[in-house]
Amino acid sequence: MAKDTRDGLLNAALQTIAERGFAGASARHIAAAAGQNQALVFYHFGTVNDLIAEACRTSTAQRIALYRDEFDQAKTFAELLAVGRKVHVTEHAEGNVAVLAQLLAGARGNEVVGAAVADAINLWVVEVEKTLRRVLDDSPLLPLVDLSGLASAISAGFVGIELLDGVDPAGATRALASLEQLALLTETLLTELDNLGPVTSRLVKRKLKPLSS
């Protein structure tokens, strides 16, 4: 029973943020959306910010679990981008992008929610980094690439595209298409690098090494 109440409040917090914005996510409105007494917000979570923070972390983990098999099956940059496009379409259609925008806005100056949003984004970074490591597993570039930094850049780029889609859908579509072109170019360059002779390959790696330091 207690778990059902907690889960209901977690879902209601995100629903309220989607409908009323971060500023409108009060204990009263969240409790009403959950069909509960607002005192239960404080009983189970302590503060509204702590409720929102847990809702952010929990919902992100649940969303990522839905795509984990597809992340695990991606073996090229193009396949990783294909997963990203599916995430983009699905999350936008289900209204999760609007919630993300509100959470990012609410995180400014709010340490509790800000930490939760950072943790949530990092969950995506971890999935992307695992895929990148698999994509580059046999490449001489692997020791030269800051995979964590690259995964953070890709994840941040997708967050930006999601937010852009809310005000400029055409621009977001072009951005996604450009990322797919970049993925194709990267695949081609990796193939060519694998075909280089050992001397040329060492020269290329020597040139690239400062970029990762």
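Using a 4.5 Å cut-off on side-chain heavy atoms (C-beta onward), I52 and L103 make contact. Between F45 and I30, the closest side-chain pair of non-hydrogen atoms is not below 4.5 Å. Within the 4.5 Å cutoff, the side chain of V125 has no heavy atoms near those of the V128 side chain. Side-chain contact between F77 and L179 is absent, with no heavy-atom pair separated by less than 4.5 Å. Here the side chains of L136 and L147 are in contact, with some heavy-atom distance below 4.5 Å. Side-chain contact between I154 and L132: present, with at least one pair of heavy atoms (C-beta onward) separated by less than 4.5 Å. A 4.5 Å side-chain heavy-atom check between S26 and V48 finds every atom pair outside the cut-off. Contact check for Y67 versus T90: side-chain heavy atoms found under the 4.5 Å cut-off.
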Exercise. Passes side-chain contact (heavy atoms from CB on, under 4.5 Å), Q73 versus E79? Steps please.
Worked result: CA-CA 8 Å; Q73 292 170 15; E79 289 174 355; over 6 Å; no
For this session: Decide yes or no on side-chain contact (heavy atoms from CB on, under 4.5 Å) for L66 and Q62, but give the supporting numbers first.
Result: CA-CA 7 Å; L66 296 177; Q62 291 171 343; over 6 Å; no
For this session: Output, in order, the C-alpha distance, side-chain angles, deciding distance and verdict of side-chain contact (heavy atoms from CB on, under 4.5 Å) for F158 and L176.
Result: CA-CA 9 Å; F158 266 99; L176 272 174; 3.6 Å; yes
Exercise. Which is it for H29 and E19 under the side-chain contact (heavy atoms from CB on, under 4.5 Å) test, yes or no, and what are the steps along the way?
Worked result: CA-CA 10 Å; H29 287 137; E19 295 173 353; over 6 Å; no
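The line from CG of L100 to SG of C56 is 8.0 Å long, rounded to the nearest 0.5 Å. Taken to the nearest 0.5 Å, the CG atom of N37 stands 10.0 Å off from the CZ atom of F42. Atom OG1 of T5 and atom CG of L40 lie 6.0 Å apart (nearest 0.5 Å). Distance OG/S155 to CG/L123: 10.5 Å, rounded to 0.5 Å. Here CG of D7 is found 6.5 Å from CG of N11. Values are rounded to the nearest 0.5 Å. Atom-to-atom distance recorded for R57:CZ and L10:CG is 12.0 Å, nearest 0.5 angstrom.
Here the shortest heavy-atom pairing between G8 and A34 reads O-CB, 3.7 Å. Here the shortest heavy-atom pairing between T131 and F71 reads OG1-O, 3.4 Å. Here the shortest heavy-atom pairing between A31 and Q38 reads CB-CA, 3.4 Å. Taking all atoms of both residues into account, the shortest heavy-atom contact from L163 to A101 is CD2-CB, 3.5 Å. Pairing each heavy atom of A172 with each of I161, the nearest pair is CB-O, 3.8 Å. For the residue pair R63 and N96, the shortest heavy atom distance occurs at NE-ND2, 3.6 Å.
Transitive grouping of hydrophobic side chains (ILVMFWY, heavy atoms separated by less than 4.5 Å) brings V113 and I121 into a common cluster. Hydrophobic clustering (ILVMFWY, side-chain heavy atoms < 4.5 Å, transitive): L81 and L150 are in one cluster. V41 and V112 are assigned to two separate hydrophobic clusters, defined by single-linkage of ILVMFWY side chains at heavy-atom distances under 4.5 Å. The hydrophobic cluster containing L51 also contains V117, counting ILVMFWY residues as joined when their side-chain heavy atoms lie under 4.5 angstrom apart, directly or transitively. Transitive grouping of hydrophobic side chains (ILVMFWY, heavy atoms separated by less than 4.5 Å) keeps L164 and L104 in distinct clusters.
N122 contributes no side-chain N or O that, together with a main-chain N or O of A118, makes up a donor-acceptor pair within less than 3.5 Å. Remark: the backbone N or O of V87 is not paired with any side-chain donor or acceptor of E91 at under 3.5 angstrom. One N or O on the side chain of R6 and one on the backbone of H44 form a donor-acceptor pair closer than 3.5 Å. Q102 places a side-chain N or O within 3.5 Å of a backbone atom of F22 that can act as its donor or acceptor partner.
A donor-acceptor contact closer than 3.5 angstrom links the side chains of H88 and E162.
Heavy-atom contacts from other residues, nucleotides or ligands closer than 6.0 Å to OH of Y43 number 12 or fewer. For R28, the CZ atom sits in a loose shell: 12 or fewer heavy atoms of surrounding residues, nucleotides or ligands are nearer than 6.0 Å.
A salt bridge does not link D72 with R68: every distance from a Lys NZ or Arg NE/NH1/NH2 to an Asp or Glu carboxylate oxygen is 4.0 Å or more. Using a cutoff of 4.0 Å between basic side-chain nitrogens and carboxylate oxygens, E127 and K130 are scored as salt-bridged.
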